[in-house]
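Please read the structure below before turning to the comments.
Both counts, for ligands and for their atoms, begin at 1 and track the order of listing.
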Amino acid sequence: MSKRTKIGVIGGGQLAWMLGLAAKEMGLSLWVQTPAVTDPAVAVAEGVCYGAIADVATTAQLATQVDVITFENEFVDLEGLQHLEQQGVCFYPRLASLTPLLDKYQQRHFLQKLGLPVPDFAYLGDRPPAFPCVIKACRHGYDGQGTFVIPDEGAWQQFQQRWPQRPPQGFLVEAFVPYVKELAIMAARSPQGEIALYPVVETQQVDAICRRVIAPAFVDPPVSQQIEAIARQILTALEAVGVFGIECFLTASGEVLVNEIAPRVHNSGHYTMDACITSQFQQHLRAISGQPLGSPAMQVPAAVMVNLLGLAAPQVDYRAKCEALAALPRANLHWYGKCQTYAGRKLGHVTVLLPQPQAALPMIQHIEALWYGAPVAV
Ligand code: ADP
């Protein structure tokens with residue numbers, strides 16, 4: 001039995017929408033805090049508190065409707081929310097778990113203090129960094145927005161011209177990692193400290209936006225085991241409650257470096273909806289509502305997930321493309337119902353279940369040929 005059956009989500013995008021669908025299946029009531037009536041999760045939420053994500057007064061209203069509040073993204077006003085937590089509002093994950101994570105520079109410090117491997121990093125001052133490097137806005141980055149690869153002096157000059165004034169929390173600068181793969185793991189922890197780990201997956205980014213996920217990743221078992229140990233260590237240290245995503249780089253020498261912790265359900269876990277016994281959305285709701293965690297095991301040998309991003313062409317028949325994808329054998333199409341479909345926007349995703357891992361790459365090429373016209377080389 002759930003102890004907390006009324007769930008509030010700060011955010012109303014596709015992650016909240018998928019949480020809302022899972023909540024319905026699980027007999028939980030879900031409210032969202034989101035600015036616009038056209039936001040995807042509004043269509044599935046039992047109730048909506050309209051307001052900006054960082055608007056604490058709206059969260060105070062949401063708190064009157066629900067038993068626990070959770071997060072769709074990191075763009076919250078943590079200090080403002082702390083007043084609500086002190087007044088007894090239940091946030092899962094707890095605000096203390098979010099505190100070291102919301103700023104990318106502080107997050108790197110947190111990981112370093114745990115003794116975990118991270119790329120060399122520093123706070124960006126006025127002096128030019130060593131090239132090649134990657135500069136990241138400490139706050140409010142997502143989908144590569146706020147991430148700048150700086151290969152040389154010319155790119156550094158351009159970066160400086162673009163940012164004559166730096167954002168309030170400034171920038172992190174770190175070594176460019178010549179990774180061979182990007183890997184991720186979704187991990188869940190209950191308030192009692194029970195942990196469930198999903199398989200390690202490969203994520204492939206194009207222009208710093210997640211484009212595809214291959215589950216499980218083709219990596220040597222020691223690499224997966226190291227990432228699993230990292231995930232356990234992070235979730236335990238944070239006393240996390242709920243599902244967290246952890247993204248890593250794998251180098252040619254087999255070294256694993258942690259890139260990022262997302263304290264929430266994550267794009268690299270969308271495949272779990274169709275390929276695992278318990279989806280990341282159900283798992284998150286189980287953890288925060290006080291139910292025992294479900295099995296994170298895959299129900300099939302392999303799966304691929306491809307993000308369906310908005311296309312640049314002026315007239316796109318998205319419906320025809322979706323029908324072609326949905327007709328693929330063992331495919332599940334998820335369309336977020338966004339009213340604006342601009343280029344690069346995440347509009348949906350498709351997951352295809354596979355009989356063996358070797359089928360992953362040909363299937364990705366097939367899906368991308370249907371959606372994008374041609375696959376982008378990885
Ligand atoms: P975001 O929070 O916007 O997703 P990330 O830090 O995850 O930002 O960076 C987005 C992508 O940029 C990564 O998935 C990776 O492809 C690339 N990237 C980020 N940091 C580095 C790095 N230090 N070296 C090489 N590539 C990087």
query: Residues in ring-ring contact (aromatic ring centres under 6.0 Å, His included) with F171, at least two apart?
result: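 In terms of ring-ring contact (aromatic ring centres under 6.0 Å, His included), with neighbours along the sequence ignored, F171 is linked to F159, W163.
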- prompt: Any side-chain donor paired with an acceptor under 3.5 Å for Q157 and E153?
  reply: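 Yes.
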- request: Establish, from distance only, whether the side-chain atoms of R211 and Q204 form a donor-acceptor pair under 3.5 Å.
  value: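 No, because no side-chain N or O of R211 sits under 3.5 Å from a partner of the opposite role on Q204.
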Check: residues 308-320 side-chain donor-acceptor pairs under 3.5 Å, at least two apart:
unit_1	atom_1	unit_2	atom_2	d
D317	OD1	R319	N	3.4
D317	OD1	A320	N	3.1
Y318	OH	L311	N	2.9

message: Show, in sequence, the C-alpha distance, side-chain angles and deciding distance for H334 and H270, and conclude whether the side chain to side chain contact (heavy atoms under 4.5 Å, CB included) test is met.
response: CA-CA 10 Å; H334 303 269; H270 287 0; over 6 Å; no
field: Any pair counted as salt bridge (Lys or Arg N to Asp or Glu O under 4.0 Å), so long as it reaches residues 251-280, sequence neighbours left out
entry: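 Sorted pair list: E74-R264, K104-E260.
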Which atom pairs, nitrogen or oxygen on both sides, join ligand 1 and the protein at under 3.5 angstrom?
unit_1	atom_1	unit_2	atom_2	d
ligand 1	2 (O)	K104	NZ	2.7
ligand 1	2 (O)	E260	OE1	3.1
ligand 1	2 (O)	E260	OE2	3.2
ligand 1	3 (O)	D143	N	3.3
ligand 1	3 (O)	G144	N	2.7
ligand 1	6 (O)	K136	NZ	2.7
ligand 1	7 (O)	N259	ND2	3.1
ligand 1	7 (O)	E260	OE1	3.1
ligand 1	8 (O)	K104	NZ	3.3
ligand 1	8 (O)	T147	OG1	3.4
ligand 1	14 (O)	E182	OE1	2.7
ligand 1	16 (O)	Y179	OH	3.3
ligand 1	16 (O)	E182	OE1	3.4
ligand 1	16 (O)	E182	OE2	2.7
ligand 1	20 (N)	K136	NZ	3.0
ligand 1	20 (N)	E174	OE2	3.4
ligand 1	23 (N)	E174	OE2	2.8
ligand 1	23 (N)	A175	O	3.0
ligand 1	24 (N)	V177	N	2.8

